[in-house]
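It should be emphasised that the depicted structure is a prediction, and the values quoted were computed from it without experimental measurement.
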Amino acid sequence: MNVMQKNQTPDSRTSEIFEVSGLAVDTSVDNVDALHYRPEFQTTGKPRKKAISAIAIRLCTEESDIKHSMHAEAGKIIDESTLQQTMRALEAEGKSHTIEYELAKYRLDTRQLLYLAARINDPETPTEQIQGWTDAFTDKSIEIWGKPDEKFATDLLREQMVELSALADSHPHEYRELLSAASALGLPTEVEQSDAPSYRERFKKVADQVGEYMKRKYGAVFDALDLDQFNDREMTAADMADAVERGIAELAKTNPVWSTWQVIRDEEKAQFNVEGSDFTITVGMKRNSATREEFQALFAHEVLRHAMAATNGSLLDYELQKGLPEYLSWEEAVGVLKEYALTGIMPEKIVNRYIDISVALGDLTDNGRQPRRALQRFAMAREKLRNAALPMDKQSTDATIEKDVKTHINRIYRGTLGDDEHVGVMTKDYVYMGGLPEVCQYIEDELAAGKTIDEIMEYIDSGKFNPTKQSNRDYVESKKHNRFKELVPVGHKTRQDI
């Protein structure tokens, strides 16, 4: 195997050039900004700071993916040569389409992505090599997670621009800035309403049926959330944590496995995170307040999808609790569909992510990949126009808008320098919207085949897998005999099945 040294030129098309085993991990850096754009690189001439850290592992893959393998003891670090040997052995046996092979490849790919991030951010990497490593990083990200469909992204952008054009007369200054920013990116500024159904209309038929199912299935859970008290005031982070605990307690009445979940209140964080590998839900106490409708959407996505699939998957197999390879797009899309089904609101942020990643990749213009600064200007103009159209008491400050937009844009360029000279893209966040057409089509096909919406959703929620993939369906079928075994794995532990 050819091992790439620091003075070699990367070849993004040859997977055998990567060697990650010897990569040092700087655990002193635990800020997600370590993999974000650093403006001081360009303005002060300071050397690039090494940006590989413990948090980098979580950016690219679940930390448990690094420590678990179907062919290794829990907690053992699996090196790249072991993964490659596993893949070659499975190929020799004609098993390159099995879950075992896909797991090994996914874990190898994510290590390679970390290696590329290390080379990009290593201060010893020659400047003339950075773009090569950056191109390889983008290609590897697309190989792992995919990228937006160009036609779908074009349709979404057109619909978004048509909606925003309705604000042109009432907010001309903000609208002119949007058009200027779009033009600078090479995006169309004159758009017309299409006769084709909008993406919301296309998904609404399925969402309505899923919504009716959720109300029947989880009516008592929604009652237990006790959200009527928040009709006249927003929910604080502490209120959200309390409501999640009430919802889980109600879920445990019909499935006692839910009683093993814990809600953690983290005083230093702002995120809401579900960790299916150890049955924890972390609510950051620095999280912004939310309306009851916003919390309902959050609960539907995070608890009634992510936590639900992990809970049910744990009864079959640890991999179905944690997630099979290439399940992420499906997983997030089901969560988004449940949000939409319950609230009737399609989150704008996931539409923005899909469009903006496609713009960053250069797929919607003839101008090539777009630098961070230009895309941020467009996103800022879009949000300022939307904000100006809100009632005065609902408007955000410019500082809040800027912070939210930078967070959104940073996620697109994370792992790279994100400057104007070396443009690389992490495509992972496109999955929230990217899998929605597939999920809706699957449900429509199953309904047409005679199944009820209840049967379809019960199967979809039985674990973290993609039922449109034959390898995933076969794996689930092979594990059905495990259901109600005496011991079921949870992370590094086992628990008594109740």
Between [X] (side chain) and [Y] (backbone), is there a donor-acceptor pair under 3.5 Å?
{"X": "Thr427", "Y": "Gly146", "result": "yes"}
{"X": "Glu383", "Y": "Ala381", "result": "no"}
{"X": "Arg246", "Y": "Leu225", "result": "yes"}
{"X": "Ser358", "Y": "Tyr354", "result": "no"}
{"X": "Gln395", "Y": "Leu390", "result": "yes"}
{"X": "Arg473", "Y": "Pro467", "result": "yes"}
{"X": "Ser329", "Y": "Gly435", "result": "yes"}
{"X": "Thr154", "Y": "Glu150", "result": "yes"}
{"X": "Asn387", "Y": "Ser396", "result": "yes"}
{"X": "Lys338", "Y": "Leu304", "result": "yes"}

Return yes if a side-chain donor-acceptor contact under 3.5 Å exists between [X] and [Y], otherwise no.
{"X": "Arg377", "Y": "Ser180", "value": "yes"}
{"X": "Thr236", "Y": "Asp239", "value": "yes"}
{"X": "Thr468", "Y": "Glu438", "value": "yes"}
{"X": "Asn288", "Y": "Glu234", "value": "no"}
{"X": "Tyr213", "Y": "Glu458", "value": "yes"}
{"X": "His408", "Y": "Gln376", "value": "no"}
{"X": "Thr280", "Y": "Asp278", "value": "yes"}

For [X], which residues count as a salt bridge (Lys or Arg N to Asp or Glu O under 4.0 Å) partner, sequence neighbours excluded?
{"X": "Glu174", "value": "none"}
{"X": "Arg265", "value": "Asp242, Glu245"}
{"X": "Arg353", "value": "none"}

Salt-bridge contact [X]-[Y] (side-chain N to carboxylate O under 4.0 Å):
{"X": "Arg372", "Y": "Asp419", "value": "no"}
{"X": "Glu159", "Y": "Arg202", "value": "yes"}
{"X": "Arg369", "Y": "Asp135", "value": "yes"}
{"X": "Lys349", "Y": "Glu339", "value": "no"}
{"X": "Lys217", "Y": "Asp461", "value": "no"}

How many angstroms lie between atom [atom1] of [X] and atom [atom2] of [Y], to the nearest 0.5 angstrom?
{"X": "Ile144", "Y": "Leu113", "atom1": "CD1", "atom2": "CG", "result": "4.5 Å"}
{"X": "Ile248", "Y": "Asn255", "atom1": "CD1", "atom2": "CG", "result": "12.0 Å"}
{"X": "Leu364", "Y": "Lys151", "atom1": "CG", "atom2": "NZ", "result": "12.5 Å"}
{"X": "Tyr327", "Y": "Lys464", "atom1": "OH", "atom2": "NZ", "result": "4.5 Å"}
{"X": "Met285", "Y": "Glu268", "atom1": "CE", "atom2": "CD", "result": "11.5 Å"}

For the residue pair Tyr459 and Phe465, categorise the inter-ring angle as parallel (less than 30°), tilted (30 to 60°) or perpendicular (more than 60°).
perpendicular
Give the ring-plane orientation class for Phe299 versus Phe222, where under 30° counts as parallel, over 60° as perpendicular and anything between as tilted.
perpendicular
Can you name the closest pair of heavy atoms from [X] and [Y] and give their distance?
{"X": "His301", "Y": "Gly335", "answer": "ND1-C, 3.3 Å"}
{"X": "Ala237", "Y": "Val283", "answer": "O-CG1, 3.7 Å"}
{"X": "Pro148", "Y": "Leu361", "answer": "CD-CD1, 4.1 Å"}
{"X": "Ala379", "Y": "Asp356", "answer": "CB-OD2, 4.2 Å"}
{"X": "Asn367", "Y": "Ala184", "answer": "ND2-O, 4.5 Å"}
{"X": "Gln321", "Y": "Gly276", "answer": "NE2-O, 2.6 Å"}

Could you tell me if the side chain of [Y] sits less than 4.5 Å from the side chain of [X], heavy atoms only?
{"X": "Val206", "Y": "Gln441", "result": "no"}
{"X": "Ile453", "Y": "Ile443", "result": "yes"}
{"X": "Val439", "Y": "Glu332", "result": "no"}

Are there more than 12 heavy atoms of other residues, nucleotides or ligands under 6.0 Å from atom [atom1] of [X]?
{"X": "Glu190", "atom1": "CD", "value": "no"}
{"X": "Asp232", "atom1": "CG", "value": "no"}
{"X": "Asp366", "atom1": "CG", "value": "no"}

Residues His306, Glu331; criterion side chain to side chain contact (heavy atoms under 4.5 Å, CB included); working and verdict:
CA-CA 7 Å; His306 296 329; Glu331 174 76 10; 2.7 Å; yes
A cation-pi test, strictly: NZ or CZ of Arg111 under 6.0 Å from the centre of the six-membered ring of Tyr115 and no more than 45 degrees from its axis. Yes or no?
no
Start with the C-alpha gap between Asn312 and Leu320, add the side-chain angles, then the distance that decides, and say whether side chain to side chain contact (heavy atoms under 4.5 Å, CB included) holds.
CA-CA 8 Å; Asn312 294 334; Leu320 288 169; over 6 Å; no
Ring centres of Phe295 and Phe230 under 6.0 Å apart?
no
Between Phe137 and Tyr413 (judged by ring centroids, cut-off 6.0 Å), do the two rings come close enough to count as a pair?
no
Worked check of side-chain hydrogen bond (donor to acceptor under 3.5 Å, both in side chains) between Asp266 and Gln271:
CA-CA 9 Å; Asp266 193 318; Gln271 292 84 5; over 6 Å; no
Checking Ile409 against Met380 for the side chain to side chain contact (heavy atoms under 4.5 Å, CB included) test, could you report, in this order, the C-alpha distance in whole Å, the side-chain angles of both residues, the deciding distance, and whether it holds?
CA-CA 10 Å; Ile409 295 297; Met380 193 79 72; over 6 Å; no
Test Lys140 against Glu143 for salt bridge (Lys or Arg N to Asp or Glu O under 4.0 Å), laying out the working first.
CA-CA 5 Å; Lys140 181 56 66 174; Glu143 182 181 344; 3.0 Å; yes
Just do the side chain to side chain contact (heavy atoms under 4.5 Å, CB included) check on Lys469 and Trp330 with the steps written out, would you?
CA-CA 10 Å; Lys469 291 176 63 67; Trp330 176 274; over 6 Å; no
Under the salt bridge (Lys or Arg N to Asp or Glu O under 4.0 Å) criterion, do Glu212 and Arg216 qualify, and how do the steps go?
CA-CA 6 Å; Glu212 289 301 317; Arg216 291 195 306 273; 5.1 Å; no
